[in-house]
Amino acid sequence: MKTWILLLGAGIALGCVSGNLYTASDSCKGRCEEPYNEKDECHCNAECERYHNCCEDYYTYCSPDGDWAEAAEHARSSEGFSSSQDAITDGDLLHISEQLYEADHNKAQPTDVIINPQHQVSPDETGDQEDHSPEPLYKYVNEKLFSKPTYASFIKLLDNYQRATGREEEVTAEELKEQDNFLKEVMKTELMKKLFAFLHKKNRYSSEQEFVTDLKEMWFGLYSRGNGERDSSGFEHVFSGEVKKGKVTGFHNWIRFYLMEKQGLVNYFSYSYDGPWNTYPDVLGMQFSWDEFYKEVGSAFIGCSPEFEFGLYTLCFITRPGRACHLSLGGHSLSIQTYTWTKSTYGNGRKYIATAYVISS
């Protein structure tokens, strides 16, 4: 993980002079408000937040909070993206995340899910690959939850992928319908309607249809993690899980974990983090194997609805791509990390989701 050094005062102003002859295609230094060019690896104009294709250092060099803002205010306003009205502040994220937390009406109740975390390891022991917990993580799950429309449509998606990277994914007409059905069901929920209303108010999307269309591309659009094959997507990586170079990558969903553990395909080893929540959703950082492939830290929400996890990750990917996204759930702080896939794009240079997960340390 890169550590970005914030340049203050005159440093920002000097770094964003358009006449700078020495600029990198993957950096915003010297490129603030540069016109869109499809050949650029990432972008630094006011629209990049809307299309979530900003360079990772966009907020360092071109942040509305820096000296650059005053010079760019007219440019933002002329493009219909006013920094004062449409900027999404950290306070906005704390407020909307609490609203989404309250709107998770489909979450598990305390009696619906009983877990048995057993052995806790320290952060420096997570790579030991030792099974410290003889019992399964899930003692009981009320599977009536899975008959709810968002759960049922989510579960149908989980068998659509082959976990090995480097092997082309074949998407059938039925699987495309399953994607559409999942999006249709989650958009019926109060939680996702609140998320859209927030993003619409902040000028990220002009209509719900535009939002849904973009959700389908950013989450389900295929790209290559290996050998040039269209072998991966944000949804597959985050929710279903993948295996790359002998290790489990992604796999951050509690429902997927429970179903795999029930089949004897996942073996729970230990946990390294247990969130402060005394109800669901909760957060657990855990170690496990999936058919002998190891996951050193598999952070996951426990007991949330599919739309809750899908919605929070989407919120953070759109508003804080490539950065820690600081939220509040039930009065407790929580951060989500997302990364964009930088090697291919869709639409007007928009970026796919590479990964999203709860920071559990």
Side-chain angles (χ1 to χ4, degrees), residues 1-2 26 41-42 52-53 56 126-127 129 154-176 178-179 182 215-261 263-269 285-301 306 309-310 313-314 316-317 321-322 336-347 350-360:
M1 185 179 297
K2 297 179 180 178
D26 61 350
E41 293 183 33
C42 54
H52 37 271
N53 56 15
E56 290 190 19
T126 59
Q129 302 192 34
F154 173 81
I155 290 170
K156 284 187 177 180
L157 295 169
L158 296 177
D159 64 357
N160 291 351
Y161 303 101
Q162 48 187 354
R163 66 185 180 185
T165 57
R167 297 175 61 186
E168 183 93 10
E169 292 287 354
E170 295 182 7
V171 183
T172 66
E174 180 181 359
E175 289 171 352
L176 288 173
E178 289 174 352
Q179 294 172 8
F182 171 71
L215 285 174
K216 185 169 183 179
E217 288 290 347
M218 77 169 75
W219 278 107
F220 295 103
L222 293 174
Y223 51 81
S224 174
R225 287 187 191 262
N227 300 334
E229 304 289 348
R230 295 171 74 243
D231 60 350
S232 185
S233 68
F235 185 91
E236 176 185 3
H237 181 85
V238 173
F239 294 103
S240 184
E242 298 180 297
V243 172
K244 184 176 183 179
K245 296 181 180 179
K247 294 183 178 180
V248 177
T249 62
F251 202 138
H252 297 290
N253 179 256
W254 77 272
I255 300 169
R256 172 69 162 171
F257 190 101
Y258 165 73
L259 294 173
M260 291 291 98
E261 186 177 59
Q263 296 177 49
L265 300 176
V266 162
N267 181 23
Y268 170 74
F269 281 19
M286 53 194 163
Q287 295 67 53
F288 62 90
S289 67
W290 182 17
D291 276 350
E292 307 305 321
F293 298 105
Y294 187 64
K295 180 71 174 180
E296 187 169 333
V297 180
S299 63
F301 287 106
E309 195 170 10
F310 188 73
Y313 290 155
T314 297
C316 287
F317 180 70
I336 287 174
Q337 178 71 50
T338 66
Y339 286 103
T340 60
W341 186 254
T342 61
K343 298 179 182 179
S344 57
T345 61
Y346 66 91
R350 296 190 180 200
K351 296 290 180 67
Y352 298 104
I353 292 175
T355 192
Y357 56 89
V358 182
I359 298 174
S360 60

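Atoms considered below: every heavy atom in the structure, side chains included; atoms not considered: hydrogens, waters and symmetry mates.
Atom NZ of Lys156 has 12 or fewer neighbouring heavy atoms from other residues, nucleotides or ligands inside a 6.0 Å radius.
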- Item | ring-ring contact (aromatic ring centres under 6.0 Å, His included) assessment of Phe301 paired with Trp254 | CA-CA 6 Å; Phe301 287 106; Trp254 77 272; over 10 Å; no
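Of all heavy-atom pairs between Pro321 and Thr338, the closest is CA-OG1, 3.6 Å. Here the closest heavy-atom approach between residue Glu236 and residue Asp231 is recorded as OE1-O, 3.3 Å. In terms of heavy atoms, Arg167 sits closest to Glu229 at C-CB, 4.3 Å. Considering every non-hydrogen atom in both Trp290 and Glu242, the closest pair reads CZ3-N, 3.9 Å. The two residues Gly221 and Ser233 have their closest heavy-atom pair at O-CB, 3.4 Å. Across every non-hydrogen atom of Ser240 and Leu158, the tightest pair is OG-O, 3.5 Å.
With sequence neighbours left out, the ring-ring contact (aromatic ring centres under 6.0 Å, His included) criterion links His237 to no other residue. Under the side chain to side chain contact (heavy atoms under 4.5 Å, CB included) criterion, Thr345 pairs with Lys351, sequence neighbours left out. Every residue meeting the ring-ring contact (aromatic ring centres under 6.0 Å, His included) condition with Tyr223, not counting sequence neighbours, appears here in chain and number order: Trp341, Tyr352. Take Glu170 and apply the side chain to side chain contact (heavy atoms under 4.5 Å, CB included) test, not counting sequence neighbours, and it matches no residue. Every residue two or more places apart in sequence or in another chain that forms a side chain to side chain contact (heavy atoms under 4.5 Å, CB included) with Asn160 is listed here: Leu157, Glu175, Glu178. Partners of Ile255 by side chain to side chain contact (heavy atoms under 4.5 Å, CB included), not counting sequence neighbours, listed by chain and number: Phe146, Tyr151, Phe154, Ile155, Asn253, Leu259, Pro306.
Looking at Phe257, Phe269, Tyr268, Phe293 one by one, the single match for ring-ring contact (aromatic ring centres under 6.0 Å, His included) with Phe288 turns out to be Phe257. Tested against Phe310 for a ring-ring contact (aromatic ring centres under 6.0 Å, His included), the candidates Phe220, Phe235, Phe182, Phe317 yield a single pass: Phe182.
The aromatic rings of Tyr313 and Trp219 sit tilted, their planes meeting at an angle between 30° and 60°.
Judged purely by distance below 3.5 Å, without hydrogens or angles, the side chains of Glu296 and Thr126 pair a donor atom with an acceptor atom. In summary, the side chains of Arg225 and Ser232 do present a donor paired with an acceptor at a separation below 3.5 Å, with no hydrogens or angles considered.
Look at Arg350 and Glu217 and you find no salt bridge, because none of the NZ, NE, NH1 or NH2 atoms lies under 4.0 Å from a carboxylate O.
Of the possible donor and acceptor atoms, one in the side chain of Lys295 sits under 3.5 Å from a partner among the backbone N and O of Gly250.
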